[in-house]
Amino acid sequence: MKGFEFLQEQLEDMKKEGTFRNLIPLESAQGARVTIKGKEVIQLSSNNYLGLTSHPRMEKAAEEAIEKYGVGTGSVRTIAGTLKMHEDYERKLAEFKHTEAALVFQSGFTTNQGVLSSILTNEDVVISDELNHASIIDGIRLTKAGRKIYKHVDMDSLEQALKETQDYRTRLVVTDGVFSMDGNIAPLPQIVELAEKYDALVMVDDAHASGVLGKNGRGTVNHFGLDGRVHIQVGTLSKAIGVLGGYVASTQTLKDYLIHKGRPFLFSTSHPPAVTAACDASIDVLLEEPELIEKLWENTKFFKNGLKELGFDIGISETPITPVMVGDDALAHRFSDQLFEEGVFAQGIAFPTVQKGKARVRTIVTAEHSREDLQEALHAFEQAGKKLKIID
Ligand code: PMP
């Protein structure tokens, strides 16, 4: 069909630059090893931190929910699509997060969008770290509030932004808890101190910290002992939790407001019973199987040390997200392709997901990887890195 030539030209340019990518379907379940293009490879690109995508207890909960309640809800939450299990789960999640209330959205992306776009007006301002996730950026684009971007984790820059915005009614400082591309942790204690000094609210996106940091995976707020001092905790149920969805953990006031004004919550159908039941069971898993998080961190340390010993630049990561920096966009994709040849699936991440010149292969180990998996993966990195002259 004619009419899309203007898009086709851009795609051709991407092909010339070497940045055009096809989607890569898995032919097996998610896990430490997956099948892609008929080949078994070590998975280092998923966010399945704890291996919960196929946890037996969560699968059983999902199966039972389907049998009892079917596969869908047939309505948005605010009309006829709230099941008792949605509310039970939100209560359990709030208790887990040590907050007054919690509200579940369809995804982490729509949670950020829904919160940021609905709670602020042109009398307010949002102050955001320059490397915050795309869903925060899009949420900010949708709000009528003023915007200030501060330099990445730079507390002088944040303080400057707070000083310059004293005339606004409400100031909301928003940060990722763990930054998704570099794997560094936000300096939350300093952010909270500054926010308290200048009377601002704080919102943390714990997408990569839920199930990873804090006691039993309660997130960055709990990790830093800041329970009760961060106004809004947002997170996803699709990474360490292994299912789908996003949550806001905060006050009953914010929850009630979002039920009335949070557009993705209002206008999009509620989660199927299997999703909610599996998420509900995940809290029991987090509480009763702390060894999963211990294993995740053990694996993280082993793999990071291995990469460093081989001479790779792993940036400023402090978490299971470990970027292997290469710089050039096309080289990142070639490195990823070569790793696949060597038996490892680790995606190249290039512009526009990261800045030009900061392309990388991003790795995430999980609790499911065995020592053997990780040793084999390090050997693949050594082979591919030497072949492409990324290391000597
Ligand atoms: N915030 C951050 C920091 C993320 O990395 C992601 C996932 N890419 C999201 C939000 C969105 O979460 P979800 O995949 O549940 O939409």
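These numbers come from the heavy atoms of this one structure, side chains and all, not from hydrogens, waters or symmetry mates. Counting starts at 1 for both ligands and their atoms, in listed order.
Shown in contact with S135 at under 4.0 Å from a heavy atom are these atoms of ligand 1, numbered in order with element: 1 (N), 10 (C). The G245 neighbourhood of ligand 1 comprises atoms 15 (O), with distances under 4.0 Å to a heavy atom of that residue. Interface atoms of ligand 1 facing T236, defined by a heavy-atom separation under 4.0 Å, are 12 (O), 13 (P), 15 (O).
For ligand 1, the polar-atom distance check finds no N/O of A207 at less than 3.5 Å from any of the ligand's N/O atoms. At under 3.5 Å, not a single nitrogen or oxygen of V178, backbone or side chain, sits near a nitrogen or oxygen of ligand 1.
Between the side chain of S270 and the main chain of R77, no donor-acceptor pair closer than 3.5 Å is present.
Ranking the protein heavy atoms by distance from atom 13 (P) of ligand 1 puts G108 N, 3.4 Å first. Counting only heavy atoms of the protein, atom 11 (C) of ligand 1 lies nearest to F109 N, 3.4 Å. Nearest protein heavy-atom neighbour of atom 5 (O) of ligand 1: H208 NE2, 2.8 Å. The nearest protein atom to atom 14 (O) of ligand 1, hydrogens excluded, is given as S238 OG, 3.4 Å; this is a heavy-atom distance. Closest to atom 9 (C) of ligand 1, if we only count protein heavy atoms, is H133 CE1, 3.4 Å.
Note: Y257 and F265 fail the aromatic proximity criterion, with ring centroids not under 6.0 Å apart. Aromatic ring centres of H152 and F179: separated by under 6.0 Å.
Counting non-hydrogen atoms of neighbouring residues, nucleotides and ligands closer than 6.0 angstrom, the CZ atom of F4 reaches no more than 12 such neighbours.
Nearest to atom 1 (N) of ligand 1 by heavy atom, out of V234, L244, D205, I136, is D205. Among M181, K239, Q106, the residue whose heavy atom sits closest to atom 8 (N) of ligand 1 is K239.
Annotation: cation-pi pair R218/F96 present, NZ/CZ under 6.0 Å from the ring centroid and within 45° of its normal. A cation-pi arrangement is present between K39 and F340, with the terminal nitrogen or guanidinium carbon under 6.0 Å from the aromatic centre and inside a 45° cone about the axis. Remark: K358 fails to qualify as a cation-pi partner of F351 under the 6.0 Å distance and 45° angle criteria applied to the six-membered ring.
Residue contacts with ligand 1 leave out G246, since none of its heavy atoms falls under 4.0 Å from the ligand.
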Determine, step by step, whether E63 and K68 satisfy the salt bridge (charged side-chain N to carboxylate O under 4.0 Å, His left out) criterion, reporting the C-alpha distance in whole Å, the side-chain angles of both residues, the deciding distance to 0.1 Å, and the verdict. CA-CA 9 Å; E63 281 161 18; K68 212 162 165 193; over 6 Å; no
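Between P273 and L83 there is a side-chain heavy-atom pair separated by less than 4.5 Å.
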